[in-house]
Amino acid sequence: MPIRCINKYSVIKRFSLGKRMYDQLEIIYIQEHDALHEEPQKVFDSQKEYVTDISADIYKCLRKGFIVPSGDNQ
């Protein structure tokens, strides 16, 4: 199985995920989606510590107004 990339995102609208609140301008990391195996995506906080798994549907919702790719996506 190929290794999935983990992308850096900036929070643009406050939200809660995995019993944690994320504020504007905070950085989070999300593993890219694996459509072939339908595995959940992993979310990491700004210190790159694991927070929770999310489904592709939750990821799509986050991308619609809550998070944007960070300019220095690493």
Side-chain angles (χ1 to χ4, degrees):
M1 176 172 14
I3 296 174
R4 295 182 282 168
C5 293
I6 297 176
N7 298 309
K8 185 176 181 180
Y9 295 92
S10 296
V11 176
I12 58 172
K13 187 174 180 184
R14 193 173 197 202
F15 66 94
S16 176
L17 183 67
K19 298 183 181 181
R20 188 177 183 294
M21 184 64 72
Y22 294 91
D23 287 317
Q24 287 181 326
L25 304 178
E26 194 167 345
I27 298 296
I28 64 170
Y29 298 87
I30 302 177
Q31 188 176 40
E32 72 181 12
H33 179 63
D34 179 4
L36 181 62
H37 298 101
E38 295 296 324
E39 292 185 18
Q41 294 173 255
K42 297 190 182 311
V43 177
F44 303 88
D45 64 15
S46 58
Q47 284 76 40
K48 300 182 181 177
E49 293 181 20
Y50 172 77
V51 177
T52 190
D53 289 349
I54 60 172
S55 68
D57 291 336
I58 292 175
Y59 172 73
K60 289 175 188 173
C61 289
L62 289 174
R63 288 298 310 267
K64 292 180 181 176
F66 290 93
I67 61 173
V68 294
S70 179
D72 60 342
N73 219 352
Q74 301 176 24

**Study point:** Expected output: side-chain Q41 to main-chain Q31 donor-acceptor under 3.5 Å
**Key:** yes
Review point. Do L17 and I28 come within less than 4.5 Å of each other through their side chains, counting heavy atoms only?
Key: no
Review point. Quick one: does S55's side chain get under 4.5 Å of K60's, heavy atoms only?
Key: no
Practice item. Evaluate the criterion side-chain contact (heavy atoms from CB on, under 4.5 Å) for residue pair I67 and I30; output intermediate values, then yes/no. Key: CA-CA 10 Å; I67 61 173; I30 302 177; 3.6 Å; yes
Check your understanding: What is the ring orientation for F15 with F66, classed by angle as parallel under 30°, tilted 30 to 60°, or perpendicular over 60°?
Key -> perpendicular
Practice item. Report yes if the side chains of S70 and Y9 come closer than 4.5 Å at any heavy-atom pair, otherwise no. Key: no
Review point. Which atoms form the tightest heavy-atom contact between H33 and A56, and what is the distance?
Key: CE1-CB, 3.3 Å
Point to revise | Intermediate values then yes/no, side-chain contact (heavy atoms from CB on, under 4.5 Å), L62 and Y22 | key: CA-CA 12 Å; L62 289 174; Y22 294 91; over 6 Å; no
**Study point:** Between CD on residue Q47 and OH on residue Y29, distance to nearest 0.5 Å
**Key:** 9.0 Å
Revision key, fill the gap. The single option from K8, K13, R14, R20 that satisfies salt bridge (charged side-chain N to carboxylate O under 4.0 Å, His left out) with E26 is R20
Check your understanding: Heavy atoms, side chains only, cut-off 4.5 Å: are I27 and S10 in contact?
Key -> yes
Check your understanding: Other than I12, which residues form its hydrophobic cluster under the rule that side-chain heavy atoms must be closer than 4.5 Å?
Key -> V68
